[in-house]
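Right, one structure below, let's go through it.
The sequence lines fix the lettering, A, B, ..., with proteins before strands; numbering per chain opens at 1.
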Amino acid sequence: MAQSVKGTRDLFGNEMAWFQRIEDTARRVFARHGYEEIRTPVLEEIEVFKRSVGESSDIVNKEMYEFMDKGGRHVVMRPENTAGVVRAMIQHKLLINNDPKLLYYIGPMFRYERMQAGRYRQFWQIGAESFGVASPESEAESLLMLMAFLQELGLKHLSLSINSVGTSECRPAFHAAIRAFFQAREERFCEDCHRRIDTNPLRVLDCKSPGCQAALEGHPVITEYLDEASQRHHLRLKELLTALDVPFEENPRLVRGLDYYTRTAFEVLSSDLGAQSALLGGGRYDGLVKHLGGPEVPAFGWAIGLDRLAMLMQQLHGNAPLSPPALLIPLGEAAALKALLLARDWWSQGLAIQVETRGTNLKKALTSANRQGSKWALILGDGELEQGVVSAKDLSAGTQETWPLEEVPARLRG
RNA sequence: GCGGCUGUAGUUCAGUUGGUUAGAGCACUGGAUUGUGAUUCCAGGUGUCGGGGGUUCGAGUCCCCUCAGCCGCCCCA
């Protein structure tokens with residue numbers, strides 16, 4: 001039997017309903033904040049990611065779906081969408097004036113990784129990017145939107161952690177400090193950390209090994225190595241979040257896997273997700289637009305995992321709430337045509353109604369209606385046709401009443 | 001990429017130290033009732049035992065390979 005490719009899956013039924021609800025909520029909330037939707041291609045030239053996400057990152061190193069197309073182009077199925085959005089901004093010259101540009105996206109991403117619950121090779125992200133503003137206020141605005149989104153979904157047990165990873169000017173000093181610290185107690189760190197200290201020293205900070213965490217006691221704190229402007233930036237953001245009642249904790253060991261972050265970096269973790277606890281992450285990436293060949297434009301953004309979000313919603317709220325339509329059941333040929341005529345009229349008025357077109361007997365039609373969760377069964381037989389009514393059966397109550405045809409829309413809405 | 005576990009009907013699971021025709025609940029299909037579901041009664045397919053190979057007189061059971069999923073690591077959403 002044919003099967004979906006490893007790490008990919010079909011979305012349908014209840015899970016699809018949650019995806020829809022999450023996406024609807026995102027669009028509604030983001031529109032209020034003035035964000036526009038953008039869709040960029042799944043395929044990008046490999047250079048877009050090598051130059052943005054970073055050659056040393058795991059994503060670029062070992063997790064990309066990359067191949068040569070028939071024209072000999074070296075392409076990649078996007079592992080994330082920030083780089084693609086930046087590429088689009090530059091290509092279409094949308095960042096030539098000084099106006100802020102606020103964008104969001106929803107779509108599938110691809111990473112070739114080992115499967116685990118909540119981690120797929122094709123996964124979905126919703127992201128928001130804000131271009132052209134370097135201020136902590138713009139970060140606060142973006143985070144307020146994020147919080148509103150999470151709140152409207154009714155999510156709980158979430159924690160926002162923030163940190164500053166500084167800029168390319170002040171980070172080398174911190175790298176030196178952390179390396180010196182590491183070398184002084186080298187033997188206490190795990191094998192992975194010995195590798196990390198060369199490739200990406202910041203990552204030593206968030207090693208999960210208890211031995212390493214203990215060895216990190218008294219480690220240099222990055223926020224003490226920030227240049228003055230970054231330090232002011234960081235303090236101001238914390239000040240804003242406090243004044244806006246956005247709960248957060250400062251985590252000096254928070255670092256991120258993508259190379260392009262500057263200054264603010266943050267994550268939201270959920271205690272309800274198991275090992276793959278990262279629900280969303282983001283931060284500032286002031287150098288990326290210029291680095292990809294555009295003007296010098298600051299930017300801030302984040303991305304949230306839709307698959308994990310849907311999983312949380314299911315855990316917290318059970319099945320997605322549905323509004324099951326009514327089922328119109330004609331009995332006999334004359335009624336079958338009349339049912340389509342009536343339904344066309346009701347559909348045009350915006351009613352949700354399904355028509356039983358199989359011509360089966362009433363018993364089977366009612367069984368189907370019950371199984372799919374319909375609220376009403378509207379029975380249209382010879383008797384009803386003659387009198388210009390339907391017999392409306394309330395499937396959960398088991399009661400039945402007679403509705404004149406012209407009252408059906410009002411009663412279904414009621 | 002590394003380590004561990006699992007795979008039997010649509011689903012949840014039984015299946016004896018290897019033994020002959022592979023089981024149960026729920027679900028499903030038909031009927032009791034050709035205009036009344038969700039309750040009741042009767043009847044019924046429920047199947048490549050994930051796939052391939054091997055050992056054996058004989059494999060759902062043991063061995064190897066492979067595929068898929070789960071858990072942990074790496075990493076991230």
Heavy atoms under 4.0 Å, any strand shown: does [X] hit a base, just sugar-phosphate, or nothing?
| X | value |
| --- | --- |
| A:Gly7 | sugar-phosphate |
| A:Asp382 | base |
| A:Leu306 | nothing |
| A:Ser368 | nothing |
| A:Lys393 | base |
| A:Leu280 | sugar-phosphate |

Which listed nucleotide ([options]) is nearest to the side chain of [X]?
| X | options | result |
| --- | --- | --- |
| A:Glu384 | B:C70, B:G35, B:C76 | B:G35 |
| A:Leu362 | B:A68, B:A38, B:G35 | B:G35 |
| A:Met115 | B:A77, B:C71, B:C70 | B:C70 |
| A:Gln400 | B:U36, B:C75, B:G1 | B:U36 |
| A:Arg114 | B:A38, B:A77, B:C70 | B:C70 |
| A:Ile379 | B:A77, B:A68, B:G35 | B:G35 |

Spatial distance of atom [atom1] ([X]) from atom [atom2] ([Y]) [nearest 0.5 Å]:
| X | Y | atom1 | atom2 | result |
| --- | --- | --- | --- | --- |
| A:Leu279 | A:Glu267 | CG | CD | 10.5 Å |
| A:Phe266 | A:Asn251 | CZ | CG | 14.0 Å |
| A:Leu158 | A:Leu280 | CG | CG | 8.0 Å |

Between atom [atom1] in [X] and atom [atom2] in [N], what is the gap in whole Å?
| X | N | atom1 | atom2 | value |
| --- | --- | --- | --- | --- |
| A:Leu327 | B:A38 | CG | P | 15 Å |
| A:Met64 | B:G1 | CE | P | 16 Å |
| A:Glu401 | B:U36 | CD | C1' | 15 Å |
| A:Leu254 | B:C76 | CG | C1' | 13 Å |
| A:Glu63 | B:C73 | CD | C1' | 13 Å |
| A:Phe149 | B:A77 | CZ | P | 16 Å |
| A:Leu269 | B:C76 | CG | C1' | 11 Å |
| A:Glu356 | B:U34 | CD | C1' | 15 Å |

Test of understanding: with salt bridge (Lys or Arg N to Asp or Glu O under 4.0 Å), list the residues that count as partners of [X], not counting sequence neighbours.
| X | answer |
| --- | --- |
| A:Glu152 | A:Arg28, A:Arg32 |
| A:Glu139 | A:Arg284 |
| A:Lys62 | A:Asp58 |
| A:Arg87 | A:Glu44 |

Taking only the [atom1] atom of each, what is the distance from [N] to [M] in whole angstrom?
| N | M | atom1 | value |
| --- | --- | --- | --- |
| B:U46 | B:A38 | P | 24 Å |
| B:G50 | B:U56 | C1' | 23 Å |
| B:G7 | B:C63 | P | 13 Å |
| B:G19 | B:U12 | C1' | 28 Å |
| B:C49 | B:U61 | P | 10 Å |
| B:U11 | B:U21 | P | 26 Å |
| B:G47 | B:G1 | P | 37 Å |
| B:C73 | B:U20 | P | 44 Å |

Sequence neighbours excluded - salt bridge (charged side-chain N to carboxylate O under 4.0 Å, His left out) pairs with any residue from residues 376-402 of chain A:
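Sorted pair list: A:Lys375-A:Asp394, A:Glu401-A:Arg411.
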
Sort and list the pairs that fulfil salt bridge (charged side-chain N to carboxylate O under 4.0 Å, His left out) and have at least one residue in residues 333-347 of chain A, not counting sequence neighbours.
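Pairs touching residues 333-347 of chain A that pass the test: none.
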
Listed pairs, N/O of protein and of nucleotides 7-12 of chain B, under 3.5 Å:
none

Between protein and nucleotides 25-33 of chain B, map the contacts as a letter string: B base, S sugar-phosphate only, - none, heavy atoms under 4.0 Å, written 5' to 3'.
---SSSSB-

Within the 6.0 Å centroid threshold, strictly below: [X] and [Y]:
| X | Y | value |
| --- | --- | --- |
| A:Tyr285 | A:Phe300 | no |
| A:Tyr65 | A:Tyr112 | yes |
| A:Phe67 | A:His74 | no |

RNA chain B: stems of at least 3 consecutive Watson-Crick or G-U pairs, cut-off 3.5 Å?
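Stems found: B:1-7 with B:67-73, B:10-13 with B:23-26, B:28-32 with B:40-44, B:50-54 with B:62-66.
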
Residues A:Arg39, A:Glu37: salt bridge by 4.0 Å N-O rule:
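Looking at A:Glu37 together with A:Arg39, the answer is yes, because their closest N to O distance falls below 4.0 Å.
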
Below 4.0 angstrom, N of the basic side chain to O of the carboxylate: do A:Glu137 and A:Arg236 qualify?
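Yes, A:Glu137 and A:Arg236 are salt-bridged.
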
Once ring-ring contact (aromatic ring centres under 6.0 Å, His included) is applied, what residue pairs with a partner in residues 362-411 of chain A remain, sequence neighbours excluded?
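Every pair satisfying ring-ring contact (aromatic ring centres under 6.0 Å, His included) with a residue in residues 362-411 of chain A: A:Trp376-A:Trp403.
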
Ring of A:Phe123 versus six-membered ring of B:A77: centres under 5.5 Å and planes under 30°?
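Yes; by the centre-distance and plane-angle rule, A:Phe123 counts as stacking on B:A77.
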
Toward the 5' end of RNA chain B, by each residue's nearest nucleotide, A:Thr399 or A:Tyr112:
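The 5'-side residue here is A:Tyr112.
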
Can you confirm if the NZ or CZ of A:Arg9 lies within 45° of the ring axis of A:Tyr120 and under 6.0 Å from the centre of its six-membered ring?
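Judged by the rule, A:Arg9 and A:Tyr120 form a cation-pi pair.
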
Establish, yes or no, whether the cationic atom of A:Arg185 lies under 6.0 Å from the six-membered ring centre of A:Phe181 and within 45° of the ring axis.
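Output yes; distance and angle both within limits.
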
A:Arg21 atom CZ, neighbour heavy-atom count above 12 within 6.0 Å:
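Counting neighbours around CZ of A:Arg21, 12 or fewer heavy atoms of other residues, nucleotides or ligands fall under 6.0 Å, so no.
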
Indicate, yes or no, whether a donor-acceptor pair under 3.5 Å links the base of B:A77 to the side chain of A:Gln116.
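Looking at the base of B:A77, it does not pair with any donor or acceptor on the side chain of A:Gln116 (distance under 3.5 Å).
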
Give, ordered by number, those residues of residues 74-81 of chain A having at least one heavy-atom distance below 4.0 Å to an atom of RNA chain B; if nothing qualifies, reply none.
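Of all residues in residues 74-81 of chain A, none places a heavy atom under 4.0 Å from RNA chain B.
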
Specify the residues of residues 21-33 of chain A, ordered by number, for which at least one heavy atom lies under 4.0 angstrom from an atom of RNA chain B.
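Contacting residues: none.
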
Do A:Arg121 and A:Phe110 come within less than 4.5 Å of each other through their side chains, counting heavy atoms only?
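Of all side-chain heavy-atom pairs linking A:Phe110 with A:Arg121, none is under 4.5 Å.
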
Counting only side-chain N and O atoms of A:Lys6, is one of them less than 4.0 Å from OP1 or OP2 of B:C67?
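For B:C67, OP1/OP2 do not have a side-chain N/O of A:Lys6 under 4.0 Å.
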
